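Right, one structure below, let's go through it.
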Amino acid sequence: MAKKRKKIGVITTDIYEAYQRNVVRGIRREAAARDYDVVVFSTFLKAGMWFGYLAAEQNIYNMIRYESLDGIILMPDHLMEFEGSRRLPEILKERCKGPVVVLDYQIEDFPCVMEDGSGQLRPVLEHLYREHGITDIACMTGMEEHPHARQRLQSYRDFMEEHGLPVRQDRIFYGDFWYNKGAEVLEKLLQSPQGLPQAVCCASDNMGISLYAACRKKGIRVPQDLVITGYDSDSGGSILPHFLTSVEKDSESLGVNAVRRLAGLLEGRDIPMACQQDRLVLGSSCPCDIGWEESQADNLEERFSREGFGFYHECNFMMEDGIAMRSLEECLWKIDWYLLFLGNISGYSVCLCDDWQGSARDDEKYRRDGYSSRMKLIYHRYCEDRSVDLNRDFPLEEMLPSLWEEREQPAIYYVTPLHFMDRCMGYSAAMFEGESGEIPTYYWDWLRNLCNILESMRRYLNLEKLNESLTAAYLQMERNAVTDELTGLYNRKGFAMYTGQQLELAAREGRELVVLVADLNDLKGINDCYGHLEGDYAIRHAAMAIQAFLGQENSAYARGYRTGGDEFAAVLVMNLSREELEGRMKALEDYLEELNRQSGKPFRVSVSCGVSRENPIGADQNHLLQQADQLMYQAKQRYKAKQCRNK
């Protein structure tokens, strides 16, 4: 039966790495057992990138609505390396209404779940000492100030002292948990008066591999000349899988215990913790001789292929397909198809800031920090239901609309940032229901494709918008070139351009040309006596009288022109009866009569008109102009004669 359930947030980074995946696996398993939803907020990259890119990754923590979650599990290990994330503990204190549990790290005022410190490096040390009789053992731990580095070093000291083995300072080295310090440590060992030890026990597999690489360059054989061990093996996910004798840490139990501690705080009772069961993993870096050969390194691609990695890269044209689309809707449906690469996924959402599109300008100011107060849910999938809706929006306070829907099973959401370099676009969320299912290790690559596709689409849409603006500007310039600014009618250039088209239209459709010419009477007298503003008034209303003659028509079939200072014309492509033509002339006269009756002006606005019917066959623009001038002259003469009779 569908129901609502508690929601716990997990704040972490580098979700694709083995340690984080294993911890989250334990969180998911225990949360599902307790019928909790889990929302993981994570970056994908942590180091070695341009600072602006890293800042955009960490921006994901700005969308979290801490007060809406029932509890938080904070995994601060890598987070605390970056200044932008160091305020998270302070933010959690200020905004969280539920309990906060910190995982594997000590932060003041927060309860903490630590890995079981009784083991640490002990399994590999026991193996070296008891199975191979090795007693001269050096230790390469992590950064001196790092708590994990201190714990693992202490387990080395404790073991050596318990077995009466010397602990010498020149056999202790500080690394970085990464691949950078192996050569430096080996050089110090070679310069030591005691020479190389029998073994180096490293506090991470990465450091062990860096030391092995340095030994290869120096011609030092492993394990014949030097035994190397690691820690935190991920069972084949490292650069040299199963090469190092190492400790496979039971990270899942950390995730389980984090949920149990949080559940105890939520429910107000003590819940027993699960026992951590680290496991010794034997490799070829110690004298066990399990048969690992360096030639296996050439077969890594084959192993990855068996796990789907090779299939993803060989069959993945997501980037090309996405960039080839010419609308955001098409683009999103193409991304929908490529979701099959993510395996047994239950749901997926793409949420963009309402200002994600920005503009086509390279120097524009765009969003780097935070998210818009309203987000656009442009793509949403749940099981077999899929929707693309560019207009659906929701308040940022909701984070994800699907979070608050009732479902039969608990779910885990992986919420990650969408950005291009330091430009924030939004975020996406992958959803899995029940205990099964997790994002594949290559999800980060899939997600980068998505971000690059969105950026390409953003630029395309802006260029389209720019092109539309330029086209509109060009058309406006064209209109301005053939339009009289004062009256809005076409000018003499427009007359020369469009009457040719009207001639062709009339000949093609077998229609008659009706040509009206009009002259504004006594414009010079109005200007001289009352000023040019009043003259402009008379010109505008003479033009409106021409519009009254045209009626509602405003197309190639009926156009009005101001052909000179006080001269006007209208050209109709239509077969009019005598009554219809008289009706149009009456509309012109009635407009001026009503204007003069209500204007209160000391002058009258009137026009002298002449109308002709033209056969388009054999006619040309010069003929129309000549005919217009002749009609104008005749009408003006009639007006002057009438004025003389009235004096």
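Just so you know, these numbers come straight off a predicted model, no measurement behind them.
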Give a yes or no on whether the ring-centroid distance for Phe177 and His146 is below 6.0 angstrom. yes

Side-chain heavy atoms of Phe173 within contact of Leu189, under 4.5 Å: yes

Does NZ or CZ of Arg381 come closer than 6.0 Å to the centre of the six-membered ring of Tyr379, within 45° of the ring's axis? no

Quick one: list whatever passes salt bridge (charged side-chain N to carboxylate O under 4.0 Å, His left out) with Arg34, sequence neighbours left out. Glu30

Between Asp35 and Arg5, does any NZ, NE, NH1 or NH2 come within less than 4.0 Å of an OD or OE carboxylate oxygen? yes

Name all pairs fulfilling the salt bridge (Lys or Arg N to Asp or Glu O under 4.0 Å) condition that reach into residues 95-108, sequence neighbours left out, sorted by first residue then second. Glu67-Arg95

Check: Asp70/Tyr36 side-chain N/O donor and acceptor closer than 3.5 Å: no

Does Thr416 have any side chain to side chain contact (heavy atoms under 4.5 Å, CB included) partners at least two apart in sequence or in another chain, and if so, which? Phe44, Ser428, Tyr443, Leu447

For this output row, return yes or no: ring centroids of Trp446 and Tyr348 closer than 6.0 angstrom. yes

Between Asn22 and Arg25, do the side chains contain a donor N or O and an acceptor N or O under 3.5 Å apart? yes

Suppose we screen for salt bridge (charged side-chain N to carboxylate O under 4.0 Å, His left out). Which residues come up paired with Glu162, at least two apart in sequence or across chains? Arg122

Applying side chain to side chain contact (heavy atoms under 4.5 Å, CB included), can you list everything that pairs with Asp136, at least two apart in sequence or on another chain? Arg168, Arg171, Pro197, Gln198

By side chain to side chain contact (heavy atoms under 4.5 Å, CB included) - contacts of Glu94 (at least two apart): Glu90

Can a donor-acceptor pair be found between the side chains of Tyr366 and Asp422 at a distance below 3.5 Å? yes

